[in-house]
There are 2 protein chains.
Amino acid sequence: MPAQPPPPKLPPLAAVRVFEAAARHQNFTRAAEELGMTQAAVSYQIRLLEDRVGAALFVRQPRQVALTAIGQRLAGPVGKALTDIGTVFRDICEANQTVLTISSLQTMAITWLSPRLAQFQIENPQFAVRVRTSQHLVDFATEAVDLAVRYGPGSWPGVAAEKLFACHYAPLCSPELRERLQLREAADLLRAPLLSPDETSWKVWFADLGLDQPQQGARAMSLEMQAMNVQAAMRGHGVAMAVPELFAYDIAAGRLVFAVEHAIRDQWAYWVVYPVERQRDRKIRLFRDWILAEARAAEMTLPFMASSLGLIHSSA
Amino acid sequence: MPAQPPPPKLPPLAAVRVFEAAARHQNFTRAAEELGMTQAAVSYQIRLLEDRVGAALFVRQPRQVALTAIGQRLAGPVGKALTDIGTVFRDICEANQTVLTISSLQTMAITWLSPRLAQFQIENPQFAVRVRTSQHLVDFATEAVDLAVRYGPGSWPGVAAEKLFACHYAPLCSPELRERLQLREAADLLRAPLLSPDETSWKVWFADLGLDQPQQGARAMSLEMQAMNVQAAMRGHGVAMAVPELFAYDIAAGRLVFAVEHAIRDQWAYWVVYPVERQRDRKIRLFRDWILAEARAAEMTLPFMASSLGLIHSSA
DNA sequence: CACCTGCCATAAAGAGAGCTTATGCTTCTG
DNA sequence: CAGAAGCATAAGCTCTCTTTATGGCAGGTG
């Protein structure tokens, strides 16, 4: 069931485009310039179209060409049609290039994404990049979001997901604190000031090394809390159990160090996700490629993680 | 001074055409059939356009393709634009193929053109051939005439003219009359019944052979009168001084013979003429080629004229 | 459950449409 | 009269697009 009746046989459209330019300029040479081809090519295409129509479209006068009656009848509608086509495509391309909306969890956005996004914006000035933070999974169908960064097991329906980095938990503190307390091995932490020591992750971490943490309690750690703890740790107030990947910048800058070189692996990871049907969109690909590269690069800036990841006993 | 603002950069139009068909069918394979190419080619072109736009136009589902949101936004306007282009071209082609109007002098139309035109009509049924007779020179700019047959010296401004045949004058009569009166040489005509004997052409003809026609008078011969005289001559009523080329059919059929084998050459001729700017129009060329061929063929059917033309002393 | 069919993607190879280069012609101009 | 502006034409080449061939995926079907 064709939506429209099968269209009449079309003339060679390349020739039509050339005709349109030639008609507008009333000059083959200038039309050729506009189209980025030679005058001979224009002449060739016009001739082609004239043969197809069966009538001259231009009168060749000594120093100029002029449209014939038939050429004039064509020029109007053809010009309009081509302009229309050009306009639709341009509009769509622009709409598609103007705004890039990323959805992310708050912590991720603040600690990891935002610092890096500035560079992306510089490299791709054609976009206005928006970051929307939200706690829930975005629905691409209803919300105007191009890509999202999610934290989870990595399989959501209807979206393509690519892993940015697996999450680990490791004890982080300021270099000064580690020095002052002479932190060397896990057991040393039992005498160090732990930030939010009653959280599950501490228990798991110590257990992973066969140690038993004196404090009890099992409060699930919120990511926001984690970020706050890390801020405190950086100011030397104690040791925070956190996802070091999220603080790669601070670690690379020396503001933050691993209190002890042992990490446990979380079964969840951060992913960049987007609707499967948009996987070929230029702007999707552009951002996806960029953020994946950033994630790789960020891992490289984690000397401990990078070098000893393989040696670390995973708790998963 | 461009009539319209320079149009936005157009996408590859071949790909646009393929997209339109694919969008209409929601099926690459069938679009390929319609366009007379392979499914792979459609796939290639769509991909090309998608890369250009920077976004997927179709969602590839297992057993079918469906337009994406962007594809849908394109399909409407693009379909309309292409239909418009197709329509303009089709209209013009048809208008250009429907009616063929020939202008001609009355005599020429009746004695020469009409009998032959039937064959042209049979060979080119796509045209409705119209013959308009008029006494004056048609103005192609104002009158809806495609070609004209003119009698004259052969040089008119703004039109291309090609000679159909030079005109001669020769005495014509029925074969019975020639036999009965035993007409052999020019002098024999002095005792024959001449039709319109007071016309200039008789005087000139006799003079060309060094004879003096007893009758005087110098009425210019009208072409209509000439045709009537020939009709009378064919019915055996006398000898007519006429342009034998116009009666080649009757001569070939044996209804009319040269009373005496001597012709004088008129400085005027019959020409087929048409506006120079339309010389490449298919319908112009078609008719021009046909009528020129007819003129050549007609000359061939004039055995006397064809064989002895070179020997005839021209009065011009 | 295995098989077949419909439909699209992809890679490689081939063909030809259309572009460029070069040249000639015509007319207008200084 | 020489030069410039403009278009046509011929020859040759290039690169785009097409075809051929193949594979994958999902949904019918015996």
Side-chain angles (χ1 to χ4, degrees), chain A residues 1 9-53 55-68 71 157-158 160 276-281 285, chain B residues 9-52 55-68 71 157-158 160 276-281 285:
Chain A
M1 58 191 96
K9 292 260 184 305
L10 287 169
L13 291 178
V16 173
R17 158 195 259 151
V18 172
F19 166 75
E20 190 275 340
R24 191 152 31 78
H25 287 121
Q26 300 262 324
N27 180 318
F28 288 6
T29 306
R30 250 165 276 150
E33 281 165 19
E34 174 185 313
L35 297 172
M37 50 196 215
T38 61
Q39 168 269 322
V42 172
S43 187
Y44 170 87
Q45 293 286 5
I46 299 289
R47 160 68 50 88
L48 208 67
L49 201 60
E50 289 180 328
D51 286 352
R52 169 64 162 260
V53 172
L57 267 20
F58 288 93
V59 198
R60 275 71 167 178
Q61 291 162 340
R63 307 258 300 180
Q64 64 175 2
V65 289
L67 285 168
T68 61
V276 267
E277 78 262 21
R278 297 192 64 191
Q279 63 186 325
R280 305 195 61 85
D281 283 26
R285 276 218 301 254
Chain B
K9 292 262 182 303
L10 286 170
L13 292 178
V16 173
R17 159 197 257 150
V18 172
F19 166 74
E20 189 275 340
R24 191 150 32 77
H25 287 122
Q26 299 262 322
N27 181 317
F28 289 6
T29 307
R30 250 164 275 149
E33 280 166 20
E34 175 186 311
L35 297 171
M37 51 198 217
T38 61
Q39 168 269 323
V42 171
S43 187
Y44 170 88
Q45 293 286 6
I46 298 289
R47 160 68 50 88
L48 207 68
L49 202 58
E50 288 180 328
D51 288 349
R52 169 65 163 261
L57 268 19
F58 289 94
V59 195
R60 275 69 166 178
Q61 290 161 340
R63 308 259 300 177
Q64 64 176 359
V65 289
L67 286 169
T68 61
V276 267
E277 78 262 21
R278 298 192 62 192
Q279 62 187 328
R280 304 194 60 85
D281 284 25
R285 277 219 299 254

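Reminder, nothing fancy here: chain letters follow the sequence lines and each chain counts from 1. The analysis underlying the following values was restricted to heavy atoms, covering all of them including side chains, and did not include hydrogens, waters or symmetry mates.
Following rounding to the nearest Å, A:M37 (CE) and D:dT14 (C1') show an atom-to-atom distance of 16 Å. Here D:dA10 presents its C1' atom at 13 Å from CZ of A:R47, a figure rounded to the nearest Å. Here the P atom of nucleotide D:dC17 and the CG atom of B:L13 are 11 Å apart, to the nearest Å. Atom-to-atom, CZ of A:R280 to P of C:dC8 comes out at 16 Å; the value is rounded to the nearest Å. Atom CD of B:E50 is separated from atom P of C:dA9 by 8 Å (rounded to the nearest Å). Between A:Q26 atom CD and D:dC7 atom P there is a gap of 11 Å when expressed in whole angstrom units. Taking atom CZ of residue A:F19 and atom C1' of nucleotide D:dC7, one finds them 17 Å apart after rounding to whole Å. One can place CZ of B:R17 at 13 Å from C1' of D:dC17, the figure rounded to the nearest angstrom.
One finds a side-chain N or O of B:S43 lying less than 4.0 angstrom from the OP1 or OP2 phosphate oxygen of C:dA9.
Within the 3.5 Å criterion, the main-chain N or O of A:L10 finds a donor-acceptor partner in the side chain of B:R17. Without hydrogens or angle criteria, A:N27 side chain to A:Q64 main chain gives no donor-acceptor distance under 3.5 Å.
Side chains of B:R47 and A:R280 form a contact here, defined as non-hydrogen atoms less than 4.5 Å apart.
Here B:F58 pairs with B:F19, B:F28 under the ring pair (Phe, Tyr, Trp, His ring centres under 6.0 Å) rule; sequence neighbours left out.
Nucleotides of DNA chain C nearest to A:A41 and B:V42 differ in position, and the one nearer the 5' end is that of B:V42.
The distance from the CD1 atom of B:I46 to the CG atom of B:D51 is 11.5 Å, given to the nearest 0.5 Å. Considering CZ of A:R52 and CG of A:L57, their distance stands at 12.5 Å, rounded to 0.5 Å.
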What pairs of nitrogen or oxygen atoms, one from the protein and one from nucleotides 1-6 of chain D, lie under 3.5 Å apart?
| residue | atom | partner | partner atom | Å |
| --- | --- | --- | --- | --- |
| D:dA4 | N3 | A:R63 | NH1 | 3.4 |
| D:dA5 | O4' | A:R63 | NH1 | 3.2 |
| D:dA5 | O4' | A:R63 | NH2 | 3.4 |
| D:dA5 | N3 | A:R63 | NH1 | 3.3 |
| D:dG6 | OP1 | A:R30 | NH2 | 3.3 |

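We find that B:R24 and B:E20 are joined by a salt bridge, their nearest charged nitrogen and carboxylate oxygen being less than 4.0 Å apart.
Among the nucleotides C:dT10, D:dT20, D:dC7, the one closest to the side chain of B:T38 is D:dT20. Distance from the side chain of B:Q45 is smallest for D:dC17 among the nucleotides D:dC17, C:dT10, C:dA17. Nearest to the side-chain atoms of A:Y44 among the listed nucleotides C:dT21, C:dC19, D:dA8 stands C:dC19.
Among the atoms of the strands shown, none is found under 4.0 Å from any heavy atom of A:Q61.
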